Amino acid sequence: MDLRTVLVVGTGLIGTSTALALRKRGVRVLLADRDEGAVRLARELGAGEEWRPGTAQAEGVDLAVIAVPPAAVATELHELQRIGAARFYTDVASVKGEPIHRARQLGCDLASYVASHPLAGREKSGPGAAREDLFLGRPWALCPTEEADPEAKAAVLRLIELCGANAVEVSAIDHDRAVAVVSHAPHVAASAVAARLADATDVALGLAGQGIRDVTRIAGSDPGLWLGILSGNAGPVAEVLEAVANDLADAASALRALAEGDGTATDEITQLLKRGVAGHDRIPGKHGGPASAYAVVQVVIGDRPGQLARLFQVCDEVGVNVEDVRLEHAPGLPLGIAELSVEPGAAATLTEALHERGWQVP
């Protein structure tokens, strides 16, 4: 299936990133959004040209990508199909069951529509946060209904390929249950932890380290956007949160008993921690394969321009590939720690090279 012209409706983070990825591959992209400012910014970023319905410019659209909140997908699909905006249609909302159900209620043509969802994003929103490489190597779910035309499915598969993502076909029900576990419920849990910080003392916040930043990172996202997502997948998310709440309640009871002198209460806590390790180890690693155990080389790094570039240059010189990197800043000091994850056999080589070049390696 060849995509020559694609209409992107909704120029937020996902819509604009999709447009940028398509433009990089030579696809003509038309942009639409009720927010004129968002369309203008997306256009200035090189994401495409503004869509003008009813003109010669708008003819010959192969695929319309609906990048609006879940609750608005079906209505937008119905209107686009009414005016014959494109041959085929998809959406990129993070909930699939409710939009498909609503589209069926509205009488939308489900033969030309295949719902989809790229599993990628950022804490930031809006076209200004968009990136053409946002979907590279990421899973992209597609959820065709029984009515879906094979050509419509082929068009969405081509979209996924052009964006550099990996297609994963799954039913809408299974999709929503899955994202409740790996995305939606974790966001609520992170928000609950972050909410404790709103009333935390300055002493507590002064002691905050990388651990609390890791746990609460996704809690900084747009609440309005997430309310729409959670509302569209309320049942499955509630089930996961209830299970998490039960684990937390049991842990709290065990800790209360431990505080009162019951030494046997550690067993229940230990079991939860072990289950957590087992679950963490099941998260796919690099390129979607099994998670690898890397060695971490810590390097003291100054908070000034060029330091990371110099550090990576050393890695290049000795032929060590950095699998992952994270930075932890030292409160009140113009320096921090760079943690480089490398293959275990390369750790000694990199450490020695850094020492030789004057880097502090704790």
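From a predicted model like this one, the values you see are computed outputs, not experimental measurements. Starting from 1, each residue takes its place in the sequence as its number.
Atom CZ in F88 sits 4.5 Å away from atom CD in E151 (nearest 0.5 Å). Rounding to the nearest 0.5 Å places OG1 of T18 at 11.0 Å from CG of L31. Rounded to the nearest 0.5 angstrom, L22 CG and C163 SG are separated by 4.5 Å. Summarising the geometry, atom CG belonging to L159 is positioned 6.5 Å from atom OG belonging to S116; distances are rounded to the nearest 0.5 Å. The line from CD1 of I229 to OG of S183 is 7.0 Å long, rounded to the nearest 0.5 Å. From E323, atom CD reaches atom CG of N321 across 4.5 Å, with rounding to the nearest 0.5 Å.
With hydrogens and angles ignored, the 3.5 Å screen pairs a side-chain donor or acceptor of Q57 with a backbone N or O of E50. D35 places a side-chain N or O within 3.5 Å of a backbone atom of A38 that can act as its donor or acceptor partner. Under a 3.5 Å cut-off, the side chain of T16 and the backbone N or O of L13 do not form any donor-acceptor pair. Side-chain atoms of R357 come within 3.5 Å of backbone atoms of A353 as a donor-acceptor pair (strictly under, hydrogens ignored). Judged by distance alone, the side chain of T55 and the main-chain N or O of R52 form a donor-acceptor pair under 3.5 Å. Put simply, the side chain of D176 never gets that close to the backbone of N233: no donor and acceptor are under 3.5 Å apart. Using a distance-only test at 3.5 Å, with no hydrogens or angles considered, no donor-acceptor pair links the side chain of Q360 to the main chain of V299. A donor-acceptor pair under 3.5 Å is formed between the side chain of N246 and the backbone N or O of E242. In this structure a side-chain-to-backbone donor-acceptor pair under 3.5 Å is missing from D33 to V39. R326 places no side-chain N or O within donor-acceptor distance of the main-chain N or O of E339, the cut-off being under 3.5 Å.
For the pair I160/W140, a side-chain contact is recorded, criterion being any heavy-atom separation below 4.5 Å from C-beta on. Between H184 and L230 the shortest side-chain heavy-atom distance falls below 4.5 Å. Taking the side chain as every heavy atom from C-beta outward, L134 and E132 never approach each other to under 4.5 Å. Two residues are said to be in side-chain contact when any heavy atoms from C-beta on lie closer than 4.5 Å; E268 and D250 meet this criterion. Within the 4.5 Å cutoff, side-chain heavy atoms of L340 are placed close to those of F312. Side-chain contact check for D109 versus Y89: every heavy-atom pair is 4.5 Å or farther apart. Side chains of K96 and D91 form a contact here, defined as non-hydrogen atoms less than 4.5 Å apart. Looking only at side-chain heavy atoms (C-beta outward), W359 and Q307 come within less than 4.5 Å of each other.
Heavy-atom minimum distance, R23 versus V29: CG-CG2, 3.8 Å. Contact detail for R213 and A208: the closest heavy-atom pair is NH1-O, 3.7 Å. Looking at every heavy atom in both residues, A338 comes nearest to L311 through CB-CD2, 3.9 Å. The nearest pair of heavy atoms linking G224 to D222 is N-OD1, 3.1 Å. The minimum heavy-atom distance between T5 and G60, with the atom names listed, is CB-O, 3.7 Å. Residues T216 and A190 share a closest heavy-atom pair of CG2-O, 4.2 Å.
In terms of hydrophobic clustering, with Ile, Leu, Val, Met, Phe, Trp and Tyr side chains grouped at heavy-atom distances under 4.5 Å, L7 and I14 are assigned to different clusters. The same ILVMFWY cluster, assembled from side-chain heavy atoms under 4.5 Å apart, contains both V322 and L350. When hydrophobic clusters are built by joining Ile, Leu, Val, Met, Phe, Trp and Tyr residues whose side-chain heavy atoms come closer than 4.5 Å, directly or via intermediates, L327 is grouped together with V342.
Side-chain contact check for Q271 and D267: no donor-acceptor pair (N or O, by modelled atom type) lies under 3.5 Å.
Counting non-hydrogen atoms of other residues, nucleotides and ligands closer than 6.0 Å to CD of E317 gives a total above 12. Crowding of R256 atom CZ: a count of heavy atoms from other residues, nucleotides or ligands under 6.0 Å not exceeding 12.
Using a 4.0 Å cut-off between charged side-chain N and carboxylate O, E239 and R177 make no salt bridge. Contact check on K153 versus E169 returns a salt bridge, with a Lys/Arg side-chain nitrogen under 4.0 Å from an Asp/Glu carboxylate oxygen. Between R275 and D247, at least one side-chain N (NZ, or NE/NH1/NH2) sits under 4.0 Å from a carboxylate O, which counts as a salt bridge. A salt bridge links D62 with R4: the closest approach of a Lys/Arg side-chain nitrogen to an acidic carboxylate oxygen falls below 4.0 angstrom. Ion pairing of R28 with E49 is present here, as a side-chain N (NZ or NE/NH1/NH2) and a carboxylate O approach within less than 4.0 Å.
Not a single side-chain hydrogen bond (donor to acceptor under 3.5 Å, both in side chains) links S231 to another residue, sequence neighbours left out.
Under the 30°/60° scheme for interplanar angles, the aromatic rings of W226 and H187 are found to lie parallel.
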Please tabulate, for the side chains in residues 65-80, all donor-acceptor contacts under 3.5 angstrom to protein atoms that are two or more places apart in sequence or on a different chain.
unit_1	atom_1	unit_2	atom_2	d
H78	NE2	L106	O	3.4
E79	OE1	R82	NE	3.0
E79	OE2	R82	NE	3.4
E79	OE2	R82	NH2	2.7

